[in-house]
Amino acid sequence: MLRIVTDTGSDITYLGAPALGLESLELSVQFEDFQYDYRNDTDFSVFYENLAKAKNLPTTSQVTPGQYLEVFEEAKTAGDEVLVITISGAISGTYASATMAKEECGYDGVTIVDSRRATISQRMIADYAVKLRGEGKSRTEIAEILEQIKEEVVLLVQLDTLKYLKKGGRIPATTAIIGEVLNMKPRVTMVDGKVTPIGKSRGDTAGKQALWNLFAEDGYDPNYPVYFGYTYNKARGQAFMDETKAKFGLTNCVLCSVGGVIGAYGGANCIAMAYKTSKKR
């Protein structure tokens, strides 16, 4: 049996993963006075409620080598193979933890892929791995395909506020104040595995149009689903997906809740999309 293992950096929760045909190991999220865990989708709402009240941004800890070692040893004993798909190694030590655990376990039936992505773009890669397994592809074949396409998976996020970027020290307080007054909506993507700003727009309508413009410029590969994400307000995420579907004639779409990897910097009303571009990178 081939076990596919990802982590909650993908916003696939520990309890929700089995229904998707995989496993998800937990990154711990630490607020000032308590630890928060992504056990199920309801916990995402709890996260944003606590984020709104927190004086400082929460911190995220990587999946530990011990968590991976437990999975690898169990698979080795059972004669199973394991394909691990981690959150980007450029923003988390989770990939390093998996590599360390594999070396300690000494089991050749483990392959580790650094997705170079996070949140719904990482989820898209993990879901695709499950699809390939269902088509009869082997562990090594799936890993080779993921390595070929992962840089072609694009994540676009519109943050709702500059408040949390200021809290995290990512921007000066004066910039945040001016941005809030002007109702600026910053956009981020992932470049070289890191979350990277790519501009901002004044107001929500202009912000969504900017995402659509980037989507149109990239071109998307219709052989893959387009993923949509929201941080707290599901109705807002649904509306954005429905508008985008109508605008571009999309038929294969997935709507997902988004956790704290991106949401901690954007707050409760972010919208996001992930897709495979038709351009080779």
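Along the sequence shown, residues are numbered consecutively beginning with 1. All values reported here derive from a predicted model rather than from experimental measurement.
- The CG atom of Asp11 lies 8.0 Å from the CD atom of Gln122; values are rounded to the nearest 0.5 Å.
- Within the 4.5 Å cutoff, the side chain of Ser92 has heavy atoms near those of the Leu27 side chain.
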**Study point:** Verdict with supporting geometry, Gln67 and Asp7, side-chain contact (heavy atoms from CB on, under 4.5 Å)
**Key:** CA-CA 11 Å; Gln67 288 172 274; Asp7 54 70; over 6 Å; no
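- To the nearest 0.5 Å, the span separating OG1 on Thr189 from CZ on Arg117 amounts to 7.0 Å.
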Review point. Which is it for Tyr224 and Tyr275 under the ring pair (Phe, Tyr, Trp, His ring centres under 6.0 Å) test, yes or no, and what are the steps along the way?
Key: CA-CA 7 Å; Tyr224 297 79; Tyr275 53 92; over 10 Å; no
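- Rounded to the nearest 0.5 angstrom, Arg116 CZ and Ile125 CD1 are separated by 10.5 Å.
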Point to revise | Stepwise side-chain contact (heavy atoms from CB on, under 4.5 Å) test for Glu141 and Glu135 | key: CA-CA 11 Å; Glu141 287 174 327; Glu135 294 173 357; over 6 Å; no
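- Atom CG of residue Leu146 and atom CG of residue Asp114 lie 11.5 Å apart, to the nearest 0.5 angstrom.
- Between atom CD of residue Glu104 and atom OH of residue Tyr68 there is a gap of 15.0 Å, rounded to the nearest 0.5 Å.
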Practice item. Check the pair Arg236 / Asp204 against side-chain contact (heavy atoms from CB on, under 4.5 Å), numbers first and verdict last. Key: CA-CA 11 Å; Arg236 175 167 161 74; Asp204 187 55; 2.8 Å; yes
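- Checking Glu217 against Asn213 by side-chain atom types alone, no donor-acceptor pair falls below 3.5 Å.
- In the displayed structure, Glu70 atom CD is contacted under 6.0 Å by at most 12 heavy atoms of other residues, nucleotides or ligands.
- Within 6.0 Å of CG on Asp108 lie no more than 12 heavy atoms contributed by other residues, nucleotides or ligands.
- Between Tyr48 and Tyr232, the ring-plane angle classifies as perpendicular under the 30° and 60° cut-offs.
- Here the NZ-NZ distance, from Lys185 to Lys200, works out to 14.0 Å after rounding to the nearest 0.5 Å.
- Shown here are the ring-ring contact (aromatic ring centres under 6.0 Å, His included) partners of Tyr227, two or more places apart in sequence or in another chain: there are none.
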Review point. Where do Phe240 and Tyr230 land on the ring pair (Phe, Tyr, Trp, His ring centres under 6.0 Å) test, with the steps shown first?
Key: CA-CA 9 Å; Phe240 176 58; Tyr230 62 92; over 10 Å; no
